[in-house]
Amino acid sequence: MRTHYCGELRAEHIGQTVTLCGWVDRRRDHGGVVFVDLRDRHGIAQIVSDPERTPESYPQADKVRSEYVVRVTGRVSGREGGAVNPRLATGEIEIYAESIEILNTVNKQLPFQVSAADGGESVKEELRLKYRYLDLRRERMANNLKLRHDVVKAIRRFLEDQENFIEVETPILNKSTPEGARDFLVPSRVNLGEWFALPQSPQLFKQILMVAGCDRYYQIARCFRDEDLRADRQPEFTQLDMEMSFMSEAEILELNESLICHIFKAVKGVDLPRPFPRLTYRESMDRYGCDRPDTRYGLELVEVSDLLADCGFKVFSGAIASGGSVKILPIPNGNDAISNVRIKPGGDVFREAAEAGAKGLAYIRVREDSEMDTIGAIKTGLSDSQKAEILKRTGAEAGTLLLFGAADVNTVNKSLDRVRQFVAKDMNLVPENQLNFLWVTEFPMFEYNADDKRLEAVHHPFTSPNPEDIGDLSTARAQAYDIVLNGTEIGGGSLRIYQRDVQEKVFAAIGLGDEEAQEKFGFLLNAFEYGTPPHGGIAYGLDRLVMLMSGEESIRDTIAFPKTQQARCLLTDAPASVDEQQLKELEVRSTYVPPKVENS
RNA sequence: GGGACUGUAGUUCAACCGGUUAGAGCACCGCCCUGUCACGGCGGAAGUUGCGGGUUCGAAUCCCGUCAGUCCCGCCA
């Protein structure tokens with residue numbers, strides 16, 4: 001049907017007769033000569049219908065409109081001098097159309113313009129999602145889909161061809177498991193009254209594959225979690241899921257660095273510096289107040305709890321006395337950049353801290369000669385030696401603004417982390433085009449859930465505790481790691497428990513009784529009785545990784561057919577009601593009562 | 001479950017403090033134009049101001065409710 005793609009034609013094709021198929025990107029009619037920009041997945045080529053050279057194509061060239069589907073046959077011709085378009089990859093040539101065949105027309109007015117030539121006018125996302133087929137035709141989205149494909153292709157080449165991984169598909173129809181996110185449920189018709197759950201991840205199956213001697217497994221796996229949506233969260237999303245046997249944590253991190261480097265080299269042509277920096281969870285929380293720090297800029301936090309425990313400023317000493325802490329976010333040149341109004345209630349910097357639970361933001365402005373400009377209570381409450389030590393620890397120079405967080409440790413970290421990120425953006429401290437990967441290791445095994453009054457697994461309950469900490473699991477570090485890119489977690493994993501007795505201890509620590517553990521995970525525990533190799537793995541959020549690589553701000557722009565924040569598909573209008581008969585067959589009845597709409 | 005923002009022509013936006021017939025760019029339609037590439041010129045059509053109610057002499061504008069989309073908190077092992 002065609003001989004070439006529009007976008008691949010170059011000067012070397014001059015003289016050839018080619019047949020192209022594609023969409024009309026744009027048409028320029030000069031009353032005689034007509035230009036048609038023809039677009040396919042690979043780019044745009046200019047078609048010319050010239051009354052002197054190709055009069056036979058004029059009637060059709062006159063009829064075509066934007067987004068018509070046409071087939072063009074003609075001779076590739078070089079453009080002369082000023083006719084060359086340097087902004088087009090095919091700008092040195094054009095095709096004199098001997099025939100233009102209209103394969104299909106557009107019968108309605110387009111809801112938005114597909115052509116990238118129309119300037120970057122933003123189209124409402126609601127409209128883009130409803131007409132997703134037109135949206136995906138646009139250059140930006142077509143590029144995103146291609147990038148995603150390139151990433152997956154690079155992953156497969158590396159894991160399969162270089163590292164001996166095999167891809168194994170695991171069930172979508174699964175069993176509901178405790179902990180974790182809310183499950184999507186699927187009723188079983190054959191087993192009435194029983195339900196499948198869609199997988200939140202292939203976790204258990206990949207571990208069983210290790211027991212099965214698979215050695216190295218990966219899967220581009222769809223995962224489902226019935227939780228509320230965000231810019232970076234969809235109810236169904238894709239993981240690169242990996243698991244491997246007989247590898248230490250260090251070896252797993254090493255292999256994954258190679259994988260990431262391979263992806264960026266293959267897709268972006270970028271050589272990433274190795275090894276990636278590694279931070280323990282403890283260190284990350286101390287220095288950045290979060291477990292996925294953006295290290296493209298400084299603004300590291302400084303601990304001063306020990307220093308200010310008995311100072312005269314009650315906000316500080318009080319916070320420490322009740323088990324909390326005081327930390328400082330030093331902002332070089334912050335004195336000029338951030339006014340007092342912005343730090344006080346009503347200000348934007350204050351709001352960031354307040355939304356994380358902070359009551360306020362104490363501050364010190366460091367002036368010339370180490371003079372400190374601050375509120376009276378702090379001036380009089382701190383001794384000269386305390387002031388001197390603050391300057392020393394923060395390395396503050398004239399012009400530096402010191403922002404204080406004083407509360408329980410979590411609130412201090414959370415609020416200063418937010419302020420840190422906010423200020424970095426505000427002061428333009430985030431370098432573009434920099435890729436800062438890092439590993440965060442030694443996550444805690446558990447954290448206390450105050451609502452349920454019990455410990456919860458930070459990663460998941462199959463994560464192996466650090467052997468050194470096995471004596472007291474409640475405070476144990478896990479052999480778990482996250483990989484972070486520019487402040488976004490793109491993947492996480494762990495070494496797994498492969499001994500039944502350790503697994504039972506961990507279940508006990510999170511309050512999962514023997515009976516329930518047997519009922520929910522008996523198949524895994526049983527498998528552990530039959531020769532389980534030491535193993536571990538990792539899972540990457542593919543949508544997120546592609547989002548960062550494409551510069552998009554939502555994973556919806558990396559997914560061909562995403563859901564809205566209300567978890568609806570605007571293209572198909574899913575979800576939708578079903579026939580009564582379908583429910584009957586499943587012995588399912590809805591108890592849902594639609595809310596009464598007033599004023600109707 | 002909660003907070004915030006948005007909704008006006010096909011589309012992107014405008015319309016001051018509530019005051020004539022709700023405007024503009026692009027798209028669309030018609031005519032003209034033989035080298036453009038965001039072609040150009042002239043003309044035209046196009047509106048339930050998301051929906052429902054209220055206040056008012058008068059509502060795109062103010063109030064209440066509702067729907068949809070987006071961002072965030074909760075939630076997401």
Side-chain angles (χ1 to χ4, degrees), chain A residues 25-37 44-53 55 58 65-67 79-88 90-91 94 106 108-131 134 177-183 200-201 203-204 223-235 237 351-352 354-357 414 418 443 445-447 449 451 455-463 478 480 489 492 494 506 510 512 539 541 553-554 556 563-566 568 570 595-600:
Chain A
D25 193 70
R26 228 180 166 78
R27 173 175 169 277
R28 290 177 295 279
D29 182 352
H30 288 257
V33 64
V34 176
F35 300 98
V36 174
D37 288 343
I44 285 176
Q46 176 165 280
I47 311 296
V48 189
S49 178
D50 185 325
E52 284 166 17
R53 289 179 61 174
Y58 181 76
R65 295 292 181 271
S66 291
E67 301 311 311
R79 299 207 207 175
E80 285 169 27
V84 170
N85 184 352
R87 288 187 296 165
L88 221 53
T90 60
E94 58 196 348
V106 173
K108 295 179 173 176
Q109 175 145 28
L110 293 165
F112 51 84
Q113 287 150 247
V114 175
S115 172
D118 281 297
E121 209 170 61
S122 63
V123 180
K124 279 199 184 63
E125 193 165 5
E126 192 175 352
L127 208 58
R128 292 174 49 203
L129 292 175
K130 183 173 176 189
Y131 298 94
L134 292 178
T177 54
E179 305 245 336
R182 199 174 290 113
D183 284 319
Q200 296 182 24
S201 83
Q203 184 60 36
L204 300 172
C223 304
F224 306 86
R225 295 178 189 176
D226 188 6
E227 298 292 349
D228 287 346
L229 285 72
R230 290 282 191 285
D232 62 351
R233 277 164 31 191
Q234 284 274 300
F237 61 100
R351 190 174 56 238
E352 287 300 316
E355 280 176 13
K414 216 170 153 187
R418 278 188 73 139
F443 276 78
M445 281 289 286
F446 306 111
E447 67 190 354
N449 181 323
D451 292 337
L455 292 179
E456 276 181 348
V458 168
H459 189 54
H460 57 55
F462 314 105
T463 299
E489 178 205 327
S494 63
V506 169
I510 59 171
L512 194 66
E553 289 185 351
S554 162
R556 292 186 301 275
K563 308 277 189 291
T564 67
Q565 196 162 50
Q566 293 303 310
R568 301 200 68 89
L570 297 183
K596 280 202 178 121
V597 180
E598 289 176 34
N599 305 325
S600 58

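The chains referred to below are lettered A, B, ... by the order of the sequence lines, with proteins before strands, and numbering in each begins at 1. From a predicted model like this one, the values you see are computed outputs, not experimental measurements.
A distance of about 44 Å separates the P atoms of B:rA38 and B:rG18, rounded to the whole Å. The separation of B:rC57 from B:rU20, taken at their C1' atoms, amounts to 15 Å, rounded to a whole angstrom. B:rC26 and B:rU34 have their P atoms separated by 22 Å, given to the nearest Å. Using C1' as the reference atom, B:rC39 and B:rU61 are 40 Å apart when rounded to the nearest Å. Comparing B:rC67 with B:rC31, their C1' atoms are spaced 44 Å from each other, to the whole Å. Nucleotides B:rC13 and B:rU56 are separated by 29 Å at their C1' atoms, to the nearest Å. Using atom P as the reference point in both B:rU6 and B:rC17, the two lie 15 Å apart (nearest Å). Nucleotides B:rA14 and B:rG53 have their P atoms positioned 28 Å apart, rounded to a whole Å.
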Side chain to side chain contact (heavy atoms under 4.5 Å, CB included) assessment of A:E125 paired with A:T564 = CA-CA 9 Å; A:E125 193 165 5; A:T564 67; over 6 Å; no

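Rounded to an integer number of Å, the gap from CD of A:E352 to C1' of B:rC72 is 10 Å. Atom pair A:E52:CD and B:rU34:P shows a separation of 10 Å (rounding to whole Å applied). The interatomic distance linking A:R79 (CZ) with B:rC37 (P) rounds to 11 Å, in whole Å. A:Q203 has its CD atom 16 Å from the C1' atom of B:rC76, to the nearest Å. Summarising the geometry, the separation between CZ on A:R351 and C1' on B:rC71 is reported as 13 Å, rounded to the nearest angstrom. Rounding to whole angstrom units, NE2 of residue A:H30 and C1' of B:rA38 are separated by 12 Å. Distance, A:E489 CD to B:rC76 P: 14 Å, rounded to whole Å. As a whole-Å value, the separation of A:L127 CG from B:rC13 P is 11 Å.
At B:rG69, one or more side-chain N or O atoms of A:T564 fall inside 4.0 Å of OP1 or OP2 (strictly under the cut-off). Between A:R28 and the phosphate of B:rU36, there is no side-chain N or O to OP1/OP2 separation shorter than 4.0 Å. Between B:rG69 and A:R556, no contact under 4.0 Å exists linking OP1 or OP2 to a side-chain N or O. Dashed line: the shortest gap from a side-chain N or O of A:R65 to OP1 or OP2 of B:rC29 is under 4.0 Å. In this structure, A:R26 reaches the B:rC39 phosphate: one of its side-chain N or O atoms is under 4.0 Å from OP1 or OP2. At the phosphate of B:rC71, OP1 or OP2 sits under 4.0 Å from a side-chain N or O atom of A:Q565.
Here A:I44 lies out of heavy-atom contact (under 4.0 Å) with every strand. Counting non-hydrogen atoms under 4.0 angstrom, A:V458 reaches the backbone sugars and phosphates but no base. Within 4.0 Å (heavy atoms only), A:P51 reaches at least one base atom of the nucleic acid. Residue A:K563 is out of contact with every strand shown, counting any heavy-atom pair closer than 4.0 Å. Within 4.0 Å (heavy atoms only), A:S201 reaches at least one base atom of the nucleic acid. Residue A:L110 is classed as a sugar-phosphate contact, given heavy-atom separations below 4.0 Å to backbone atoms only. When heavy atoms are screened at a 4.0 angstrom cut-off, A:D226 is found touching no nucleic acid atom at all.
Comparing B:rU70, B:rG35, B:rC26 by their nearest atom to the side chain of A:E125 picks out B:rU70. Of the candidates B:rG35, B:rC71, B:rU12, the closest approach to any side-chain atom of A:A231 belongs to B:rC71. You'll find that the side chain of A:V48 is closest to B:rG35, out of B:rG69, B:rG35, B:rU34. Comparing atom distances between the A:E126 side chain and each of B:rC71, B:rA68, B:rG10 picks out B:rA68 as nearest.
Toward the 5' end of RNA chain B, the nearer of the two residues A:A83 and A:R230, judged by each one's closest nucleotide, is A:A83. The residue among A:F112 and A:N85 whose nearest nucleotide of RNA chain B is located toward the 5' end is A:F112.
Counting distance only, with no hydrogens placed and no angle test, the side-chain atoms of A:Q46 and the base atoms of B:rU36 include a donor-acceptor pair under 3.5 Å. Checked by distance alone, A:R27 brings no side-chain donor or acceptor within 3.5 Å of a matching partner on the base of B:rC37. The base of B:rG35 sits with one of its N or O atoms less than 3.5 Å from a complementary donor or acceptor on the side chain of A:E94. A donor N or O paired with an acceptor N or O is not found under 3.5 Å between the base of B:rC76 and the side-chain atoms of A:R225.
Checking B:rC33 for Watson-Crick or G-U wobble geometry (two distances, each under 3.5 Å) identifies no partner in any strand. B:rG65 and B:rC51 make up a base pair, with Watson-Crick or G-U wobble contacts both under 3.5 Å. The partner of B:rA59, taking Watson-Crick or G-U wobble pairs whose two distances both stay under 3.5 Å, does not exist in any strand shown. In this structure, B:rC71 forms a base pair with B:rG3, meeting either the Watson-Crick or the G-U wobble geometry with both donor-acceptor distances under 3.5 Å. As the counterpart of B:rC26, B:rG10 is assigned, both hydrogen-bonding distances of the Watson-Crick or G-U wobble pattern falling under 3.5 Å. Taking a pair to require two hydrogen-bonding distances under 3.5 Å in either a Watson-Crick or a G-U wobble arrangement, B:rA38 remains unpaired.
Taking each heavy atom of A:T177 and A:D183 in turn, the nearest pair found is N-OD2, 3.7 Å.
Atom CG of A:D25 sits about 7.5 Å away from atom OG of A:S66, to the nearest 0.5 Å. One finds the CZ atom of A:R128 at 8.5 Å from the CZ atom of A:R556 (value rounded to the nearest 0.5 Å).
Considering only residues two or more places apart in sequence or on other chains, A:E352 meets the side chain to side chain donor-acceptor pair (under 3.5 Å) condition with A:R418. For A:E94, the side chain to side chain donor-acceptor pair (under 3.5 Å) criterion is met by A:Q46, not counting sequence neighbours. With sequence neighbours excluded, the residues forming a side chain to side chain donor-acceptor pair (under 3.5 Å) with A:R53 are A:Y96, listed by chain and number. In this structure, the salt bridge (charged side-chain N to carboxylate O under 4.0 Å, His left out) partners of A:R28, at least two apart in sequence or on a different chain, are A:D37. Listed by chain and number, the residues in a side chain to side chain donor-acceptor pair (under 3.5 Å) with A:R26 are A:D118 (sequence neighbours excluded).
You'll find the side chain of A:F462 reaches within 4.5 Å of the side chain of A:L204, heavy atoms only. Looking at A:R65 and A:V106, their side chains never come closer than 4.5 Å, going by heavy atoms from C-beta outward. Taking 4.5 Å as the limit, some side-chain heavy atom of A:R225 sits within range of a side-chain heavy atom of A:F237.
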Check nucleotides 5-8 of chain B against the protein and report each pair of N or O atoms closer than 3.5 Å, with its distance, or say if there are none.
none

